[in-house]
J.: 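Below: one structure in structure tokens.
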Amino acid sequence: MGVLNVTPDSFSDDGCFSQVDLAIQQARLMVEKGANIIDVGGESTRPKATPVSIEEEIDRVIPVIKGIRAQHFDVLISIDTSKAAVMKAAVEAGANIINDVYALRREGSLEMAASLSVPVCLMHMQDKPETMQDAPRYSNVLEEVHEFFKQRIKACEEAGIPQNKIILDPGFGFGKTLQHNLNLLANLDSFNVYGCPVLAGLSRKSMLGELLHKEVSERMLGSVAAALLAITKGVSIVRVHDVEETSDALKIYNAVQDASVRHTDD
Ligand code: 8Y7
């Protein structure tokens with residue numbers, strides 16, 4: 001899953017291409033480099049980020065989703081939003097998956113996702129983006145994330161979203177300290193018990209910065225290593241910025257996996 005941020009500052013507009021054209025160009029590049037899903041987001045979920053209105057978010061993401069669809073790329077589109085109205089507009093414009101960092105806990109989103117009948121990614125987050133990194137606390141982060149998944153799967157099923165349409169994500173960096181994140185990463189394989197695909201988003205995150213003492217722009221190799229580690233623990237989807245580099249790592253991994261299931265040289 002390649003990240004496509006369509007916030008006003010995410011593309012340098014040189015005057016020749018519109019923001020929408022640049023975003024579509026970026027999507028094309030990610031598909032060519034091996035992305036199977038493009039995650040389109042119009043609102044930053046970074047700590048301290050200011051929320052945007054429904055109208056503004058729709059104005060940002062819908063032209064990009066329609067544009068990607070018009071190019072007939074062989075790719076799924078996920079819409080990164082927690083707002084019911086944005087989910088509806090995005091799916092009507094051609095999005096295939098809802099990626100909600102609030103795991104359908106905001107007003108009307110559970111019912112909306114059920115009525116749209118597309119797969120949903122339920123991400124764990126403690127608190128909300130504005131304050132989640134102030135003082136994250138758990139008695140046992142792993143148990144609490146499991147408990148959260150059980151509750152959200154149940155809520156989804158009661159709303160008419162079957163388990164086979166659910167993707168689970170422990171939400172690295174969302175209301176978690178470095179130790180919480182490492183504990184979750186070390187035990188990522190424990191989330192495979194639900195029979196749902198697991199998604200991991202580790203790309204360029206501050207936990208990598210803390211471990212490597214590197215700025216965002218210098219975290220590519222760490223991100224690839226973290227993505228590969230997540231894959232070895234059974235995740236089905238990795239959400240990344242560096243599609244080409246991650247795709248190289250996955251090709252090596254897949255070749256070795258294929259060889260190990262064949263057991264012979266021919
Ligand atoms: C994640 C995410 C972000 C993640 C899922 C960033 C939108 C922060 N991170 N969605 N979104 N999982 N499912 O650093 O980890 O990319 S935004």
Side-chain angles (χ1 to χ4, degrees), residues 1-7 9-10 26 30 35-52 57 60-61 64 76-83 86-87 90 95-106 109 113 118-130 132-133 136 141 145 148-149 152 165-176 178 180-182 184-185 188 191 196-210 214-220 222-224 226-227 229-231 233 235-243 246:
M1 172 188 279
V3 178
L4 188 62
N5 286 321
V6 285
T7 48
D9 52 358
S10 49
Q26 179 70 20
M30 291 198 288
N36 303 118
I37 306 171
I38 303 288
D39 189 38
V40 179
E43 177 177 38
S44 175
T45 29
R46 264 182 243 127
K48 319 280 182 218
T50 42
V52 298
E57 201 177 325
R60 290 179 186 178
V61 297
V64 173
L76 295 170
I77 297 172
S78 61
I79 175 68
D80 158 19
T81 192
S82 54
K83 297 187 183 82
V86 180
M87 292 173 185
N96 312 93
I97 300 170
I98 292 168
N99 176 28
D100 183 4
V101 299
Y102 279 88
L104 306 178
R105 289 176 296 158
R106 291 184 74 187
S109 61
V118 293
V120 295
C121 179
L122 305 176
M123 196 197 78
H124 175 271
M125 168 168 62
Q126 187 180 76
D127 197 20
K128 54 186 184 304
E130 295 90 310
M132 65 188 179
Q133 289 309 108
V141 67
V145 174
F148 177 84
F149 285 158
R152 296 315 297 156
K165 281 211 166 72
I166 296 175
I167 300 161
L168 299 172
D169 180 347
F172 290 102
F174 284 83
K176 285 141 192 131
L178 176 59
H180 297 141
N181 287 315
L182 289 175
L184 290 170
L185 185 50
L188 202 49
F191 298 118
C196 299
V198 176
L199 184 156
L202 292 149
S203 187
R204 300 184 184 174
K205 285 197 175 167
S206 58
M207 62 179 286
L208 305 180
E210 284 182 67
K214 288 189 168 174
E215 293 307 312
V216 175
S217 63
E218 305 169 318
R219 295 177 194 166
M220 186 270 285
S223 298
V224 173
L229 186 54
I231 292 284
K233 289 177 180 290
V235 311
S236 302
I237 305 169
V238 281
R239 182 180 180 277
V240 306
H241 300 86
D242 303 290
V243 171
T246 310

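In this chain, numbering begins with 1 at the start of the sequence shown. In listed order, ligands and their atoms are each counted from 1. Just the heavy atoms: all of them, side chains too, but no hydrogens, waters or symmetry mates, feed the values below.
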J.: Return the set of residues passing side chain to side chain donor-acceptor pair (under 3.5 Å) with E57 (not counting sequence neighbours), or none when no residue passes.
T.: T81, K83
J.: Closest heavy-atom contact between F172 and L188?
T.: CZ-CD1, 4.0 Å
J.: Considering residues at least two apart in sequence or located in another chain, which fulfil the salt bridge (Lys or Arg N to Asp or Glu O under 4.0 Å) criterion with R219?
T.: none
J.: Are side-chain heavy atoms of H180 and P136 found at a separation under 4.5 Å?
T.: yes
J.: Going by side chain to side chain donor-acceptor pair (under 3.5 Å), name the residues that satisfy it together with S109, two or more places apart in sequence or in a different chain.
T.: none
J.: Give every pair formed by an N or O atom of ligand 1 and a protein N or O atom closer than 3.5 Å, one pair per line with both atom names and the distance to 0.1 Å, or write none.
T.:
{"from": "ligand 1", "atom 1": "9 (N)", "to": "K205", "atom 2": "NZ", "distance (Å)": "3.2"}
{"from": "ligand 1", "atom 1": "9 (N)", "to": "R239", "atom 2": "NH1", "distance (Å)": "3.3"}
{"from": "ligand 1", "atom 1": "10 (N)", "to": "N99", "atom 2": "ND2", "distance (Å)": "3.1"}
{"from": "ligand 1", "atom 1": "11 (N)", "to": "R239", "atom 2": "NH2", "distance (Å)": "3.4"}
{"from": "ligand 1", "atom 1": "12 (N)", "to": "D169", "atom 2": "OD2", "distance (Å)": "2.5"}
{"from": "ligand 1", "atom 1": "13 (N)", "to": "N99", "atom 2": "OD1", "distance (Å)": "2.7"}
{"from": "ligand 1", "atom 1": "13 (N)", "to": "D169", "atom 2": "OD2", "distance (Å)": "2.7"}
{"from": "ligand 1", "atom 1": "15 (O)", "to": "G201", "atom 2": "O", "distance (Å)": "3.4"}
{"from": "ligand 1", "atom 1": "15 (O)", "to": "K205", "atom 2": "NZ", "distance (Å)": "2.6"}
{"from": "ligand 1", "atom 1": "16 (O)", "to": "R239", "atom 2": "NH1", "distance (Å)": "2.8"}

J.: For C121 versus L199, what's the shortest heavy-atom pair and its separation?
T.: SG-CD1, 4.0 Å
